[in-house]
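Report on the structure given below.
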Amino acid sequence: MLNNDNTTGGYKSQVSKFLQKCAEKRNNNKFVIDWLYQRQEFEYASAVEDCGTFVGFANVDNRAHVATANFCRRRLCNICVWRRQSKFVAQTFPVIQALRDSGFRFIFATASLPNVPLDKLSATINQLMKAYDLLLKRRKVKRSWVGKIRALEVTYNWERNDFHPHIHIMVAVRPEYFSNPDLYITLDEFRDIWTESLRQEFHSILDCNIEAVTDDEGAVVETIKYSFKGYKDNTALEGFFTSLKGRRLISFSGVFAKQRKYFKMTDFENILTDDFEAPKNSKLTYQLYKFDATGGMYSFWKEYELNV
């Protein structure tokens, strides 16, 4: 289990830390909400504005579980972005551990394109994803990479007013990968393969990297990074809103996808997931907290029986 602030300590400590973080993310949403209203995205803005106004926690064996909440799940919502990333990390780390116990090793790769302005961002991301599909079809990659976690990330450079689209890839390889030259892919080889997949001559300015993973948890977090980081810039928000809409930001394939199927949601004990299922015939309650916009913090409201 991940050793982070949301999975350590007792029930009260977990609830307190969660609500503090949630209040912080709500505060970060203010700029996003104003921008959405200016853009006349009224339904979207209203959903983000109402997100997380109440959260209910169930105490199960001194562990906090979100039993009910009104999270909006919108792509630009700082609360939901934070929860989504934390949930993916919590669900992925046990999979990594299980595969490593089975003998698999891991590498971490980054593939990108040069920075582009807003008006070219969507087309560039399309090119990036097509190149990634071609990358996976390359003979040596197909033979060597037996599992992939692919995450699309876009960062914004406010000084240059442009965007940097790139892909993080955590790769599972067999134990013999590092000693077999027919399987092992060097950094230079990876750059050449990526350039060929792009079908354009970007080799001299491409930001590519490939290296062995020595820190599983760190690699998982680096792979599944925020695609949206709460930028307070109109151009940045426009870019994220338009270019990431409808895209699948994270995908699992190969042994990663197969291993995930062996785990049930109950195997992932994490305060950030709200798909908690109470044991049948159990008598549980949950404590409901409401957000006070005046004070900018959460306070206890009522205790309710949890319907099972």
Side-chain angles (χ1 to χ4, degrees), residues 1-33 47-94 97 217-218 220-222 224-232 263-279 282-308:
M1 178 54 56
L2 283 174
N3 182 24
N4 59 39
D5 287 345
N6 298 308
T7 55
T8 58
Y11 169 79
K12 290 183 178 180
S13 174
Q14 293 172 13
V15 169
S16 176
K17 290 177 180 178
F18 181 95
L19 293 177
Q20 287 177 10
K21 192 72 172 181
C22 205
E24 173 191 326
K25 297 300 180 181
R26 277 188 58 86
N27 185 60
N28 292 340
N29 272 342
K30 291 179 180 178
F31 188 90
V32 175
I33 294 166
V48 176
E49 192 171 21
D50 292 339
C51 183
T53 53
F54 67 83
V55 187
F57 300 93
N59 186 343
V60 182
D61 298 327
N62 201 33
R63 298 188 62 85
H65 294 264
V66 175
T68 184
N70 64 331
F71 297 123
C72 70
R73 295 178 172 81
R74 301 301 175 105
R75 188 66 60 84
L76 292 186
C77 175
N78 283 276
I79 295 174
C80 293
V81 168
W82 159 62
R83 291 185 64 250
R84 189 179 300 113
Q85 184 195 37
S86 299
K87 183 175 179 179
F88 268 122
V89 171
Q91 292 179 4
T92 301
F93 192 59
Q97 290 180 313
E217 184 175 336
V220 171
V221 173
E222 181 66 18
I224 309 174
K225 292 174 69 175
Y226 285 30
S227 289
F228 169 66
K229 301 181 179 180
Y231 292 102
K232 296 183 178 180
F263 289 90
K264 298 179 181 179
M265 288 307 305
T266 51
D267 294 325
F268 306 118
E269 295 183 0
N270 189 285
I271 189 173
L272 290 159
T273 177
D274 61 343
D275 38 27
F276 166 68
E277 293 184 7
S282 62
K283 293 183 179 180
L284 292 177
T285 61
Y286 68 87
Q287 292 73 45
L288 190 68
Y289 291 78
K290 287 190 175 183
F291 184 77
D292 180 7
T294 304
M297 60 187 297
Y298 287 86
S299 58
F300 175 76
W301 180 249
K302 289 183 179 179
E303 184 171 272
Y304 293 89
E305 288 188 3
L306 187 62
N307 295 324
V308 180

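What you are looking at is a predicted structure, and each value in this text was computed from that prediction instead of being measured. Sequence positions, counted from 1, serve as the residue numbers for this chain.
Here the shortest heavy-atom pairing between Glu303 and Gln287 reads OE1-NE2, 2.6 Å. Shortest non-hydrogen contact noted between Ala47 and Cys72 is O-CB, 3.4 Å. Across all their heavy atoms, Leu284 and Asn59 have their closest contact at CD2-O, 4.3 Å. Looking at every heavy atom in both residues, Asn28 comes nearest to Asn78 through O-ND2, 3.4 Å. Considering all non-hydrogen atoms of both residues, Phe57 and Ala64 come closest at CD2-CB, 4.5 Å. In plain terms, the two heavy atoms of Arg84 and Arg74 that are nearest each other are NH2-O, 4.1 Å.
Taken to the nearest 0.5 Å, the CG atom of Asp292 stands 10.5 Å off from the CH2 atom of Trp301.
Using modelled atom types, no side-chain atom of Ser16 and backbone atom of Lys12 make a donor-acceptor pair closer than 3.5 Å. With hydrogens and angles ignored, the 3.5 Å screen pairs a side-chain donor or acceptor of Asn62 with a backbone N or O of Tyr11. Checked by atom type and distance alone, the side chain of Gln14 never pairs as donor or acceptor with a backbone atom of Arg63 at under 3.5 Å.
Checking each of Glu24, Lys25, Lys30 against Asn27 for a side-chain hydrogen bond (donor to acceptor under 3.5 Å, both in side chains) leaves exactly one that passes, namely Lys30. Evaluated for a ring-ring contact (aromatic ring centres under 6.0 Å, His included) with Tyr289, the options Phe300, Phe54, Tyr298 yield exactly one hit, Phe300.
Between Tyr304 and Tyr286, the ring-plane angle classifies as parallel under the 30° and 60° cut-offs.
With sequence neighbours left out, Thr53 forms a side-chain contact (heavy atoms from CB on, under 4.5 Å) with Arg26, Asn70.
Proximity of Asn29 to Ile79: side-chain heavy atoms (C-beta onward) are separated by under 4.5 Å at one or more points. Side-chain contact check for Val55 versus Phe71: some heavy-atom pair is nearer than 4.5 Å.
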